[in-house]
Amino acid sequence: MLHPIGWAAFGPPAENAAIARGVHPAVWTYDNIAQMKAQLRQLGFSYDWTREIATCDPSYYKWEQMVFTRMFEKGLAYRKSTTVNWCPSCETVLANEQVEDGLCWRCGSVVELKVMDGWFFKTTEYTEELLEYTNKLKDGWPERVLAMQKNWIGKSTGAEIDFPLEETVGGESGLRIFTTRPDTVFGVTYMSIAPEHPLAAQLIKGKPEEKEALKFIKRITKQSSLERIAEGAKKEGVFTGTFAVNPFTGGRIPVYIANFVLVEYGTGIIMCVPAHDQRDFEFAKEYGLPIVPVIEPEGTKLRAEDMTGAYEEPGVMVNSEQFSGLPSESGKEKIIEYIEKKKIGKRRVNYRLRDWGISRQRYWGAPIPIVYCDTCGVVPVPDKDLPVELPLDIEFTGKGGSPLAKAESFVNTVCPECGGKAKRETDTMDTFVESSWYFLRYASPHFNEGMFDKKEVGYWLPVDRYIGGIEHAILHLLYARFYTKVLRDLGMCDLDEPFTNLLTQGMVIKDGAKMSKSVGNIVDPDDMIKKYGADTVRLFMLFAAPVQKDLDWSDEGIEGAFRFLNRLWRLISDRFPKIEPLKGKTPDADKLSVSGKDLLTKVHKTIKKVTDDLEKFQFNTAIAVVMELLNDTSRIIPAGDEDVKVVRESVEAMVRLLYPIAPHVSEELWSELGYKGSLVDEPWLEWNKGLVAGAAITVVVQVNGKVRAQLTMDADVSDEEMKEAAFADEKVRGYLAGKEPRKVFVVPKKIVNIVV
RNA sequence: GCCCGGGUGGCGGAACAGGUAGACGCAAGGGACUUAAAAUCCCUCGGGUUCGCGCCCGUGCCGGUUCGAGUCCGGCCCCGGGCACCA
């Protein structure tokens, strides 16, 4: 088993601290690491510190840079100019996954849309595989995480169809659109193109509408992503002055520029069917465009003038020439077959997922290993010159963009190919790139002939048990899956997926809100450790809620955990210090009193339950049963020496069962109990199967499904004996009142239900 | 709108595989110990009813299947999360 730890050490917080307080990001980062490390050690986590890594170390990011150059060579890393998400506060570009409701995931600022050059990873190369594997991960991943990823990938099937233009524009003789509803093609009454689409400006060139349309484009493209979303209700557009032709009807179709068309999705141009698409409907109403129904619900006639909204459900095709009368679902197929035969379009699958923009206009990150040469163009840095180290001698002003771009000695370099003057790329990589492969590095953290030792990765990976927060359901978990597949295809490993089982643990909540400095509801672990000790903190956190759920921090709750450990401590040090260690010898069951025997049974049932629960990560219930055992053990009054031994056995069991949860206290009590050496060297306890199976059982007797009596019986009781005992019971007889039972159900060793 | 979760005491949460609902803990109330307090220990703690034994009701709501439903099925309501002008 490998239980490693490391630090995602790059990122804007360190740089922001440098700007605000004049501390170098590196100093700030390593200070924080030292503090965190001390805290983790105090808490007694069993990390393998020999494998510790920090992603800001050049010996780490060097390999990431090398992989970048390989990806570049394969076209999986590429540069393009496009509309990107810009966070004005972080002063950097964000990937689509890092924008939440139009706001920056990190700082919450309103994200602006900007056209910029940047580097991208071609996640879309793996879209279908990423989607397909969500089905294979089903056994180990929470349903909702997979659902989120599927959602994010957003597969939709349909067709691309070419609509010829009346006259050629900018070298284009037609407009290609994507639709999921080819069955509605006879109802097209206009088309729309995204304002950002390069062809939009071409379509209006020289037209009377040009001036008006240009103004519109300018206004819309200036809006932030938040405005574009928020104004969702209001559909706006302008006529381009250009017409296309419906290839099915030959009809003349006006082309609009419309604010609701997304340039990045599909082809950035759509056919508009107001009768069967709500958005198209609203736009048509606004601009007085015709509405032509071509799908009708079975047995109903649709009339454009009566419609108050689009009819989006399936139905029967009408007004569609030879396709009329077909159900819309099979109509889709027929239309697609038709366009493929006539070569005016083709079947097409579209995804929402877009390529991962990894350029960050920030200093504290791994430099992108690229050099720009006037002669040779874009040149990747050769392996022998890696890593491209982040220069530490930098001035942080917080103004005017990335400090890297102003570091002359960094920027100016020579071209690795021609030796001439060249300039370095000054963008750094998104920190999610580092976190996309650190788990592989753990397999061979000190390997210096490559990113990782393939043999070691083959041995340790995939991760059997990956634990992280739900907030990375899409971000980190999608990127890591993608990156792993890239590494596989570069021949570096044989993994299809990095994480077999995923456990999304909850956050610690205080007063109904996520703990944060700005809200001021922070509970400092150091304070808690000082007051109660690490074990109390551990115990409480594991006990208060199942790991998957958020944990409500409660000052009273932690007191309860503290009380429990103290009770155990007192039981051992005050009441039973003089009894000799059992050293594995179990008391003689025959010499025990009834309560002694009950306790012995309880001890072994507890061992079984804790073992099972830990296996299932159900720490809260595991702790609860140990608490029960402590209650029972404290209450017993031993009837003889053999009973005392049971108490001793119970105490020893509790200490050992609690070891993974409260290691410090357990070790201490273990030696208090007279044992030498550490519990870490002791094997896990096993329960006595005979004792657990042979224990007396409670049989419930129901009359007409209602519980009327509880009988204590032997574990090997037969159905017949259960029945007899049930009918013999006085209380039960009272309920039967002499009536003949109509039926008797017996659940072996559990229940007798008498129906009268 | 679509897709996932989830609704159990005052609270956090238990309940294998349809078989005693509320384990364990917190809070609350009462009592013991103490000059007093803290700590500790004991009792009560879903609702109604009863002097009590007990009885009736109760797992968001309505219905169904079953000898028996928190658990299964159908319909609805509410809460949380994800996606969303995705053509």
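Just so it is clear, the values below take in all heavy atoms, side chains as well, and ignore hydrogens, waters and symmetry mates. Chain identifiers are assigned alphabetically (A, B, ...) following the order of the sequence lines, protein sequences preceding nucleic acid strands; residue numbering begins at 1 within each chain.
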Roughly, in whole Å, what's the span from CD1 in A:Ile474 to P in B:A84? 8 Å
Give A:Ser192 one of three labels, base, sugar-phosphate or nothing, depending on what nucleic acid heavy atoms sit under 4.0 Å from its own. nothing
Report yes or no: is the ring centroid of A:Phe260 under 5.5 Å from the six-membered base ring centroid of B:C85, with the two planes under 30 degrees? no
For atom P, what is the distance between B:C53 and B:A14, given to the nearest Å? 32 Å
Counting side-chain heavy atoms from CB outward, which of B:G19, B:C83, B:G25 is closest to A:Trp152? B:C83
When only distance counts, do a donor and an acceptor, one from the side chain of A:Lys150 and one from the base of B:C3, lie under 3.5 Å apart? no
Stems in RNA chain B: runs of 3 or more consecutive Watson-Crick or G-U pairs, distances under 3.5 Å? B:1-7 with B:77-83, B:10-12 with B:24-26, B:28-32 with B:40-44, B:46-49 with B:54-57, B:60-64 with B:72-76
If you look at every strand shown and take non-hydrogen atoms under 4.0 Å, does A:Asp612 touch a base, only sugar-phosphate, or nothing? nothing
Using the C1' atom on both, measure B:C78 against B:C33 and round to a whole Å. 50 Å
How would you label the contact of A:Pro142 with the nucleic acid (heavy atoms, under 4.0 Å): base, sugar-phosphate, or nothing? nothing
Heavy atoms only, 4.0 Å cut-off, all strands: where does A:Gly266 land among base, sugar-phosphate and nothing? nothing
Can you check the distance between B:C41 and B:C24, where both ends of the measurement are the P atom (answer in whole Å)? 15 Å
What interatomic distance, in whole Å, is found between C1' of B:A23 and the corresponding atom of B:A32? 27 Å
Can I get a per-line list of side-chain donor-acceptor pairs under 3.5 Å for residues 180-190 of chain A, giving both atom names and the distance, sequence neighbours left out?
{"residue": "A:Arg181", "atom": "NE", "partner": "A:Asp183", "partner atom": "OD1", "Å": "3.1"}
{"residue": "A:Arg181", "atom": "NE", "partner": "A:Asp183", "partner atom": "OD2", "Å": "3.2"}
{"residue": "A:Arg181", "atom": "NH1", "partner": "A:Glu312", "partner atom": "O", "Å": "3.1"}
{"residue": "A:Arg181", "atom": "NH2", "partner": "A:Asp183", "partner atom": "OD2", "Å": "3.0"}
{"residue": "A:Thr184", "atom": "OG1", "partner": "A:Arg181", "partner atom": "O", "Å": "2.8"}
{"residue": "A:Thr189", "atom": "OG1", "partner": "A:Pro290", "partner atom": "O", "Å": "2.9"}
{"residue": "A:Tyr190", "atom": "OH", "partner": "A:Asp280", "partner atom": "O", "Å": "2.7"}

Any donor-acceptor pair, under 3.5 Å, between the side chain of A:Asn151 and the base of B:C83, if you only look at N and O atoms? no
Which part of the nucleic acid, if any, lies within contact of A:Arg563, taking any heavy atom under 4.0 Å across all strands shown: a base, the sugar-phosphate backbone alone, or nothing? sugar-phosphate
Within the 4.0 Å heavy-atom criterion, would you say A:Lys750 contacts the bases, only the backbone, or no part of the nucleic acid? base
Does A:Thr180 reach a base, just sugar-phosphate, or nothing at all? Heavy atoms under 4.0 Å. sugar-phosphate
When rounded to the nearest Å, what value does the distance between P atoms of B:A69 and B:G60 take? 15 Å
Using a 4.0 Å heavy-atom cut-off, does A:Gln710 contact any base of the nucleic acid, only the sugar-phosphate backbone, or nothing at all? base
Pairwise P distance, B:G25 and B:C42 [rounded to whole Å]: 11 Å
Using the P atom as the reference point in each nucleotide, state the distance between B:G29 and B:A37 in Å, no decimals. 15 Å
A:His276 side chain to A:Pro293 backbone, donor-acceptor under 3.5 Å: no
Decide, for B:G64, between syn and anti: a glycosidic angle within 90° of 0 counts as syn, anything else as anti. anti
Grab the CE-P distance between A:Met627 and B:A14 for me, whole Å please. 14 Å
Could you check whether A:Arg354 gets within reach of a base, just the sugar-phosphate, or nothing at all, counting any heavy atom under 4.0 Å? base
Distance check, C1' atoms only: B:A27 and B:G9, in whole angstrom units. 12 Å
Contact class for A:Val744 vs. all strands (heavy atom < 4.0 Å): base, sugar-phosphate, or nothing? nothing
If you only use heavy atoms from C-beta on, which nucleotide in B:U40, B:G82, B:G13 is closest to the side chain of A:Ala545? B:G13
Have a look at A:Val755 and say if it touches a base, only the backbone sugar-phosphate, or nothing, with a 4.0 Å heavy-atom cut-off. sugar-phosphate
When you measure from the centre of the six-membered ring of A:Trp687, is the NZ or CZ of A:Lys689 closer than 6.0 Å and no more than 45° off the axis? yes
Scan A:Val700 against the nucleic acid and name what it touches under 4.0 Å (heavy atoms): base, sugar-phosphate only, or nothing. base
Is there side-chain contact between A:Thr633 and A:Val603, with at least one heavy-atom pair below 4.5 Å? no
When all nucleic acid strands are considered with a 4.0 Å heavy-atom cut-off, which category describes A:Asn620: base, sugar-phosphate, or nothing? sugar-phosphate
Which is true for A:Gln278 with a 4.0 Å heavy-atom rule: it touches a base, it touches only sugar-phosphate, or it touches nothing? nothing
